[in-house]
There are 2 protein chains.
Amino acid sequence: MNVTIYDVAREANVSMATVSRVVNGNPNVKPATRKKVHDAIERLGYRPNAVARGLASKKTTTVGVIIPDISSIFFAELARGIEDIATMYNYNIILSNSDQNKDKEIHLINAMLGKQVDGLVFMGGKITDDHIREFKTASVPIALAATVDESGETPSVNINYEQAAYDATELLLSHNNEKVAFVSGPEDTVVNTQKLEGYKRAMKDQGHNPDQWIVTGDYSYDSGIEAFEQLMEMEDKPSAVFVSADEMALGVIHGAQDNGVRVPEDLEVFGFDNTRLATMVRPTLSTVVQPMYDIGAVAMRLLTKFMNKEEVEDQSVILPHRIIERNSTQQK
Amino acid sequence: MNVTIYDVAREANVSMATVSRVVNGNPNVKPATRKKVHDAIERLGYRPNAVARGLASKKTTTVGVIIPDISSIFFAELARGIEDIATMYNYNIILSNSDQNKDKEIHLINAMLGKQVDGLVFMGGKITDDHIREFKTASVPIALAATVDESGETPSVNINYEQAAYDATELLLSHNNEKVAFVSGPEDTVVNTQKLEGYKRAMKDQGHNPDQWIVTGDYSYDSGIEAFEQLMEMEDKPSAVFVSADEMALGVIHGAQDNGVRVPEDLEVFGFDNTRLATMVRPTLSTVVQPMYDIGAVAMRLLTKFMNKEEVEDQSVILPHRIIERNSTQQK
DNA sequence: GTGAAAGCGCTAACAC
DNA sequence: GTGTTAGCGCTTTCAC
């Protein structure tokens, strides 16, 4: 049997309420008895049972984190931001992978609520009405990270994907490229749709056909290679390509190089995210900086505010993005 | 207020014991009353409170996972293996980053035990006596993943790092390289020490000086670039280099290329791990295959066996490794 | 096949 | 400043 608060109370000759007080740092305890209790705790090797505490206090100091895939370089960075801030505020994290599968997502939300998490950070592709319904029954706060809820009902932290894609496309266009292609991600996520819209808006603003040079990948390196091949099969080949994720952009670069196409001389390549990969390729990748770690950190911070019932000015946080030019695009 | 088992019992006109039985799939319930209960659960939207259940049953169906850094491509892959198997066996995971800091590690172990995890998967650099002491007081099983306990007391899943490093070095040596360098990781971890020993043994076996071409990095890409520079400052320059991690190996490759040194013609480069990075570079990286996902998965599986008090034949699992030759080494 | 009741280890009034 | 006590929402004997 493990040692309980009652054992400590007996050992220290006080009541369990007093032990509870010193364990929880309640100031209303005489220093002398505080010491007695601490000594008893030390002697017995007492370790408070967080489950019992959770049942009695209705707070578990743990938050649920639903993530598409922790082995993705992108989400892992987000997760690190979330976990760091959680630790800072004394929360632990229950982490589960959803693979962006809606049924799994709904199931995970319920499993975590069953475990009485104090809050939830959710990352996913598309927030449906079913998600919203689950969130509403939750009775604990939720924050979305790098995930947009079009209804705007759920607190979230993002960048402006549409504008970021616009900026990237416009930069490519400003390099005298007439034909700028876009390698899209899976088409069923809101983030991707927004990127696509930003690309199209930039193309239209400069009087170009926005629909001619679009191919679709799945964010993977290999799909970048395939995307490059599709681009080269076009009769009217693009001279620049904006790729919706860095890893996929590396695939495009290597696909080009493997086929004797020089980057950036023959083809300019632009990425998205600024993962660590962007500097781990030659030429180094020009890309949109999305602050993954910060998005995770801010989302968790936002969640702590809700959990503490603090005032929150704006529940839809948009973090700034920026462009970083490296060597996969022409120097101006 | 949330709906409790008691509410369901009243709604269904049965006792809470019966509700508990149907919720837990106990067969000793008449189908008719089972249905009554299910209906009531549905009607009320009852969701069992796992915290209360945990307190009563002394099992939380959650396991703790202590990981150096979830944003590392290597550990993220391990974590995914752990989580997948955990899910398969109906466990959730509490995940925390330790940054390989001993105090944090010890603190996390205690925090997780306080949360009454049913078991613990630990990843770290060095298992000290202090760690072992914590593990012993745990009263729940522990499994190490990609982490070696030299005392052999703690169940673990690894590959044979010494032999893997030997194999890689020997392969380089077989390519008529007289001077094979080694880029070590931080020197205070057991895994790194074993790699170093494997390298030295292979060098000695072929009659070469095992101490002349060793430089130290920190597994990062940038430290790979630095390592290359150190190598080039040597008066007796190596013609091949075995790098103890893929990401660092990419740094070496790019360091070489940035300085006009051709890989593999002028310098052969060999990595370790076979992370996804190995194919995301030109030339593609020859490397030692360490099955990260499997190590995580097997460690978690091992832990489930201990948690179920199943028989375990061998508590120190060594998974096979292999060599994969790509284009950063000479074809034979 | 079902119910009653005693905990699980703690927190949080409330009393003194 | 400290003790008493009633829960928190379940599981688990033990009866019947």
* Nearest whole angstrom, please: distance from the C1' of C:dC10 to the NZ of A:Lys59. => 14 Å

* Is B:Val14 touching bases, backbone alone, or none of the nucleic acid, heavy atoms closer than 4.0 Å? -> sugar-phosphate

* Look at all strands and tell whether B:Asn49 reaches a base, only sugar-phosphate, or nothing, counting heavy atoms closer than 4.0 Å. => sugar-phosphate

* A:Gln116 CD to C:dG9 P, straight-line distance once rounded to whole Å -> 19 Å

* To do: Check whether any side-chain N or O of A:Tyr6 sits under 4.0 Å from OP1 or OP2 of D:dT5, and answer yes or no.
  => no

* Structure fact -> In whole angstroms, the gap separating P of D:dC14 from CG of B:Asn28 amounts to 16 Å

* **Shortest side-chain distance from A:Ser20, nucleotide among C:dT11, C:dC8, C:dT2** => C:dT11

* **Most 5' of A:Gly54 and B:Ser57 on DNA chain C, judged by nearest nucleotide** => B:Ser57

* Structure fact -> To the nearest angstrom, the NZ-C1' distance between B:Lys115 and C:dC10 comes to 15 Å

* To do: Could you say whether A:Val29 or B:Met16 is positioned toward the 5' end of DNA chain D, judged by the nucleotide with the nearest heavy atom to each?
  => A:Val29

* Report the residue (B:Leu55 or B:Pro27) whose heavy-atom-nearest nucleotide on DNA chain C is the more 5′ of the two. => B:Pro27

* Structure fact -> Separation between CD1 (B:Ile67) and CG (B:Asp99), nearest 0.5 Å, reads 11.0 Å

* side chain to side chain contact (heavy atoms under 4.5 Å, CB included) partner of A:Met123, chosen from A:Leu144, A:Ile66, A:Ile82, A:Ile295 -> A:Ile82

* Structure fact -> Between NZ of A:Lys58 and P of D:dC10 the distance, given in whole Å, is 9 Å

* State whether B:Asp84 and B:Arg80 are salt-bridged, where the test is any N-O pair (Lys NZ or Arg NE/NH1/NH2 against Asp/Glu carboxylate O) under 4.0 Å. => yes

* Taking only side-chain nitrogens and oxygens of B:Thr18, does any of them come within less than 4.0 Å of OP1 or OP2 of C:dG1? -> no

* Picking from D:dC10, D:dG1, C:dT11, which would you name as closest to the side chain of B:Ala52? -> D:dC10

* To do: Answer yes when B:Lys36 and B:Asp39 have at least one side-chain N-carboxylate O distance shorter than 4.0 Å, and no when they do not.
  => no

* To do: Give a yes/no on whether any side-chain N or O of B:Thr33 is located under 4.0 angstrom from OP1 or OP2 of C:dT2.
  => yes

* Answer yes or no: does a side-chain N or O of A:Ser15 lie under 4.0 Å from OP1 or OP2 of D:dT4? => no

* Whole Å only: how far is the CG atom of A:Asn24 from the P atom of C:dC10? -> 10 Å

* Asked: Using the benzene-type ring in the case of Trp, are the ring centres of A:Phe135 and A:Phe122 under 6.0 Å apart?
  -> yes

* To do: Find the distance B:Arg10:CZ to C:dG3:C1' and express it as a whole number of Å.
  => 16 Å

* Asked: Can you check the A:Lys36 NZ to D:dG3 C1' distance for me, whole Å?
  -> 12 Å

* base_contact_polar (D:dG3 base, A:Arg21 side chain, donor-acceptor, <3.5 Å) -> yes

